[in-house]
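To keep things clear, I will list the structure first and then write my remarks on it.
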Amino acid sequence: MTHRKDQPASNDMEIDIHVHDPEKEAARKEWRLHEFNVLTIIAVLAIITVFMLFGKRPTKSAEENRDLTACPKFSVSSYLDGTFTSEFAKFFNDTVPMRSTWKAFIAGFRAHLGIPYDDVVIHGSIPVIENDQDPAPAATTEATTEAPVAVETVPGAVPAATDAAPAETEAPTEATTEAETEPQEDDGEIANNILIVKNRGVMLYGGSHSGGERYAELVNEYKTRMGADVNVWSMVAPTAVSFYLPKKFASASASETENIDYLNGFLQDVTPIDAFSALEPHKDEPIYSRTDHHWAPIGAFYAAEQFAKDAGVPFAPLSDYEEVVKPGYVGTLYGFTNSQAFLDDPEDFIYYKPTADITTTYYDIDMTNEREAPLMLNIDKLEPVSWYLVFMGGDERVTHVETATDNDRVLCIIKDSYGNALVPCLTSSFEEIWVVDMRYFEPNIISFMKDKGVTDVLFAMNTFSATGQNAQKLRTLLDQ
């Protein structure tokens with residue numbers, strides 16, 4: 001075989017071989033991965049930005065029981081003085097889309113890391129303030145509880161106590177457990193004026209002697225205006241702190257029982273109802289919710305039983321009611337504290353439907369828009385935090401209950417939200433029941449009660465309302 005002169009022999013051929021460089025290839029892969037990560041982050045941030053800007057913003061918080069900040073109206077003057085910008089920032093931050101979901105996720109994440117959520121572990125005691133200093137009490141502004149969301153707030157700071165001696169309380173016990181020896185007290189945590197111990201929330205009470213005196217003065221005036229023929233009753237309900245505050249934290253709260261006894265001493269021709277003594281024998285029962293600031297329906301039942309006894313009216317036993325049990329209840333205290341302990345250990349919400357023959361009529365707070373509806377709301381479609389709305393569906397309405405009881409006794413309950421749970425328990429005790437929330441009712445209360453032929457007036461509210469700012473609403477009802 002011969003070769004052309006212009007073609008080199010095969011063993012003389014120059015072969016162009018591509019040499020693989022592992023370092024360069026790794027660098028290219030790393031760069032491509034970096035580009036992918038950057039683009040992914042940009043895409044995620046873009047999606048989040050669009051979601052935050054255009055996602056549906058909530059108007060209410062069921063967990064916190066409050067209306068969220070409303071979007072301010074724009075005006076040139078408010079923009080120039082900075083008011084609009086400031087208010088819009090509050091609105092934007094307070095109404096994050098999927099707010100409840102994010103809060104639950106963050107609470108769980110922080111709990112997993114062992115990070116307390118704005119809590120303070122109490123190692124010592126909080127000093128007791130002398131009563132002659134008597135600061136304005138930290139008030140519970142119990143607000144709208146209209147379906148489907150209850151809107152109520154509680155104090156946001158640790159309350160200043162009066163010179164009242166701390167309540168004689170026992171360490172918290174789990175509801176419905178068998179009797180046991182003195183339990184070992186766990187360290188508790190404080191969040192938004194609430195002690196959390198053994199997965200129970202306890203609102204710390206500030207107390208106020210002067211507030212109690214103001215309450216008694218107002219109730220006395222109701223008695224004077226209604227006249228000698230009308231019975232006036234005062235039920236200032238204790239809260240969970242009177243029964244479940246561990247002794248080691250006793251100085252962190254004023255004594256509700258001492259403050260109730262103090263204000264009762266100023267009542268004139270008004271009969272006090274001792275709800276504490278009615279509840280105390282049942283403290284090992286679930287008389288207060290662990291996860292909500294209200295008393296439980298069974299607690300209200302025992303208090304109503306004491307009232308019926310004092311008022312000399314009949315009272316149906318619990319066996320006459322239909323018991324309804326709804327598991328998975330996490331109430332308002334989660335919203336106030338963001339404590340994962342409540343989410344991890346929900347409770348049963350147990351309420352009792354009267355079987356007596358009753359007719360319930362509702363009115364708007366100005367006594368217009370009359371309509372009939374059940375006394376007990378169907379709460380099957382409500383979020384668990386709103387289940388306390390089962391009683392009449394909320395506060396911003398006037399309720400009239402006509403019963404089969406024939407005793408010519410007409411009761412008017414002037415109340416905060418604690419009074420809601422009393423109403424079903426009294427449907428066999430009075431011929432008629434009118435229910436007025438002191439925060440919202442618009443007509444003059446004395447003219448209203450005289451027009452309705454009221455024979456008995458029951459003031460029913462918790463200690464935070466009676467010795468706090470809510471009691472001033474009683475003056476408004478008299479004067480409007």
Side-chain angles (χ1 to χ4, degrees), residues 58 60-66 98-119 145 147-154 172-178 183 186 188-203 239-241 243-244 282-301 323-353 376-391 417-418 420-421:
K60 296 178 180 291
S61 171
E63 294 85 359
E64 297 172 59
N65 269 8
R66 68 179 179 91
M98 294 180 62
R99 186 177 189 275
S100 298
T101 302
W102 287 114
K103 288 185 58 150
F105 171 78
I106 293 171
F109 181 72
R110 294 175 69 92
H112 178 73
L113 296 178
I115 302 174
Y117 208 108
D118 290 335
D119 302 332
T145 52
V149 179
V151 182
E152 293 191 352
T153 60
V154 295
T173 55
E174 289 296 332
T176 67
T177 59
E178 297 180 359
D186 297 340
E189 56 185 69
I190 292 293
N192 290 341
N193 208 37
I194 296 167
L195 174 71
I196 303 172
V197 60
K198 290 191 175 181
N199 296 341
R200 173 185 290 280
V202 176
M203 290 171 52
T239 66
V241 71
F243 303 95
Y244 306 112
H282 303 280
K283 66 181 180 181
D284 289 335
E285 301 176 37
I287 55 175
Y288 287 87
S289 297
R290 289 189 296 101
T291 68
D292 194 277
H293 71 282
H294 294 103
W295 53 11
I298 188 62
F301 177 86
E323 181 182 87
V324 181
V325 181
K326 293 184 68 65
Y329 182 50
V330 177
T332 56
L333 294 182
Y334 166 68
F336 300 149
T337 63
N338 293 293
S339 174
Q340 184 69 20
F342 295 140
L343 292 181
D344 292 341
D345 189 20
E347 58 188 319
D348 288 343
F349 183 74
I350 305 174
Y351 64 95
Y352 305 90
K353 297 175 64 174
M376 309 295 282
L377 180 72
N378 184 340
I379 57 175
D380 290 344
K381 295 183 179 181
L382 295 185
E383 292 296 322
V385 71
S386 299
W387 285 351
Y388 194 77
L389 289 174
V390 68
F391 307 111
S417 62
Y418 262 57
N420 295 8

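Nearest heavy atom pair, residue F342 against residue T291, reads CD2-CG2, 3.8 Å. Closest of all the heavy-atom pairs between A421 and W295 is CB-NE1, 4.0 Å. Looking at every heavy atom in both residues, L382 comes nearest to S386 through CD1-O, 3.9 Å. Between P297 and I350 the shortest heavy-atom distance is CG-O, 3.1 Å. Taking all atoms of both residues into account, the shortest heavy-atom contact from E323 to Y352 is OE2-CE2, 3.5 Å. The two atoms that bring I196 and S339 nearest to each other are CD1-CB, 3.5 Å, heavy atoms only.
Note: D292 CG to Y388 OH = 8.0 Å, rounded to the nearest 0.5 Å. The distance from atom OG1 of T337 to atom CD1 of I194, rounded to the nearest 0.5 Å, is 6.0 Å. Between the CZ atom of R290 and the CD atom of E347 there is a distance of 5.0 Å, given to the nearest 0.5 Å.
Side-chain contact between Y334 and L343: present, with at least one pair of heavy atoms (C-beta onward) separated by less than 4.5 Å. In this structure, V197 and Y244 have side chains that are not in contact, with every pair of non-hydrogen atoms separated by 4.5 Å or more. Contact annotation: the side chain of I379 approaches that of F349 to within less than 4.5 Å [non-hydrogen atoms, C-beta and beyond]. At a threshold of 4.5 Å between non-hydrogen side-chain atoms, the residues R200 and Y288 count as touching. In this structure, the side chains of V330 and P384 stay at 4.5 Å or more apart for every pair of heavy atoms.
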Going through the distances and angles, do V324 and V390 end up as a side-chain contact (heavy atoms from CB on, under 4.5 Å)? CA-CA 11 Å; V324 181; V390 68; over 6 Å; no

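Side-chain contact annotation: H293 with T239, donor-acceptor N/O pair under 3.5 Å absent.
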